[in-house]
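Single-structure report; data block below.
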Amino acid sequence: MGKKSMSKDRGYITASEWAIEGGGYKNKMEGVPFRRLPFNCCAVSFLPFDDPVCTADGTVMDIMHAVPYVQTHGKHPVTGEPLQLKDLTKLTFHKNSEGDYECPVLNKVF
């Protein structure tokens, strides 16, 4: 080995090598990718809803799961912000003859 050797044979690991190759700090955004819920699913139970209600931020939930949670905890089940029962809006979805949700104007299935 010469004086100006550019070898990578070191007795230690640099901070960037530690973070990239093994151990060390990992960016929290690199975890599980965001997946949107299906159109007809409750945001609390992840099951298809029967009687949907909506909050001001657009979260759709089944009334059977949303009301007991809000009465008990007094906050939004998804975001944790304060929420009251009067802030829930009842939704009405249109179904076609086959039972699929469709647009009432264009008659196209969602």
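Nothing fancy with the numbering, it's 1 onward along the sequence. Every value quoted in this text rests on a predicted model; they were computed, and no experiment measured them.
Residue pairs meeting the side-chain hydrogen bond (donor to acceptor under 3.5 Å, both in side chains) criterion with at least one partner in residues 87-97, sequence neighbours excluded, are H94-E102.
In this structure, the ring pair (Phe, Tyr, Trp, His ring centres under 6.0 Å) partners of F39, at least two apart in sequence or on a different chain, are F93, Y101, F110. Not counting sequence neighbours, T72 has no partner by the side chain to side chain contact (heavy atoms under 4.5 Å, CB included) test. When the side chain to side chain donor-acceptor pair (under 3.5 Å) test is applied to T55, the partners found at least two apart in sequence or on another chain are D57, H76.
Taking 4.5 Å as the limit, some side-chain heavy atom of C42 sits within range of a side-chain heavy atom of H65. A heavy-atom distance below 4.5 Å is found between the side chains of Y69 and P77.
Atom CG of L47 and atom CG of D62 lie 8.5 Å apart (nearest 0.5 Å).
In this structure, L83 belongs to a hydrophobic cluster whose other members, linked by side-chain heavy atoms under 4.5 Å apart, are V44, V53, M61, I63, M64, V67, V70, L85, L88. Hydrophobic clustering, defined by side-chain heavy atoms of Ile, Leu, Val, Met, Phe, Trp and Tyr closer than 4.5 Å, groups V105 together with L106.
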